[in-house]
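In what follows, residues are counted from 1 in the order of the sequence shown. Any value given below was found using the heavy atoms of this structure, including those in side chains, with hydrogens, waters and symmetry copies removed. All values reported here derive from a predicted model rather than from experimental measurement.
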Amino acid sequence: MTTTLEPSAPKLEAGLASVAQDVVHRAMKGGATAAECVVREGDEFSTVVRLGQVETLKESGSRAIGVRVFFGQRSASTYSSDFPLPESSAC
């Protein structure tokens with residue numbers, strides 16, 4: 001038997017929200033006509049039980065950022081899971 005809990009609802013903490021706001025602000029300051037940023041954070045936990053005994057426990061966390069910038073009719077987008085947290089949010 002395998003039990004998997006779906007990733008929890010995205011936790012958009014104040015620190016992650018400020019990262020998104022900063023990215024959009026920098027894009028607009030750099031000359032973009034429009035910009036958007038999506039930041040997501042989630043956790044996942046799964047358990048495998050065999051013959052009534054816990055066989056495997058897995059826990060993982062993820063964080064991702066996506067950015068789309070427009071310059072008139074042109075656009076560019078990028079996505080990453082490797083970005084620094086604001087110092088106030090770092091553990």
Next item on the list: Give a yes or no answer on whether the side chain of S75 reaches the backbone of F70 with a donor-acceptor pair at less than 3.5 Å.
Entry: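 No, because the side chain of S75 does not come within donor-acceptor range (under 3.5 Å) of the backbone of F70.
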
Looking at every heavy atom in both [X] and [Y], which two are closest together, and how far apart are they?
| X | Y | answer |
| --- | --- | --- |
| A32 | V69 | CB-CG1, 3.4 Å |
| Y79 | A64 | OH-CB, 3.0 Å |
| L57 | F45 | CD2-CZ, 3.7 Å |

Next item on the list: Not counting sequence neighbours, which residues clear side chain to side chain contact (heavy atoms under 4.5 Å, CB included) with T56? List them please.
Entry: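 T56 satisfies side chain to side chain contact (heavy atoms under 4.5 Å, CB included) with V48, K58 once adjacent residues are dropped.
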
Check: So, E41 and R63, do they make that salt bridge, N to O below 4.0 Å?
Finding: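 No, this pair does not count.
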
Margin query: Show every salt bridge (Lys or Arg N to Asp or Glu O under 4.0 Å) that has at least one partner inside residues 64-74, sequence neighbours left out.
Written below: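 As it turns out, the salt bridge (Lys or Arg N to Asp or Glu O under 4.0 Å) pairs with a partner in residues 64-74, which skip direct neighbours, are E36-R68.
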
Notebook entry, point to check: Would a 4.5 Å heavy-atom cut-off, applied to side chains only, mark V38 and I65 as touching?
Noted result: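 Contact flag for V38/I65 side chains = no.
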
Pairs under 3.5 angstrom only: tabulate donor-acceptor contacts from the side chains of residues 20-28 to other protein residues two or more places apart or in another chain.
{"residue": "D22", "atom": "OD1", "partner": "R26", "partner atom": "NE", "Å": "3.4"}
{"residue": "D22", "atom": "OD2", "partner": "R26", "partner atom": "NE", "Å": "2.8"}
{"residue": "D22", "atom": "OD2", "partner": "R26", "partner atom": "NH2", "Å": "3.4"}

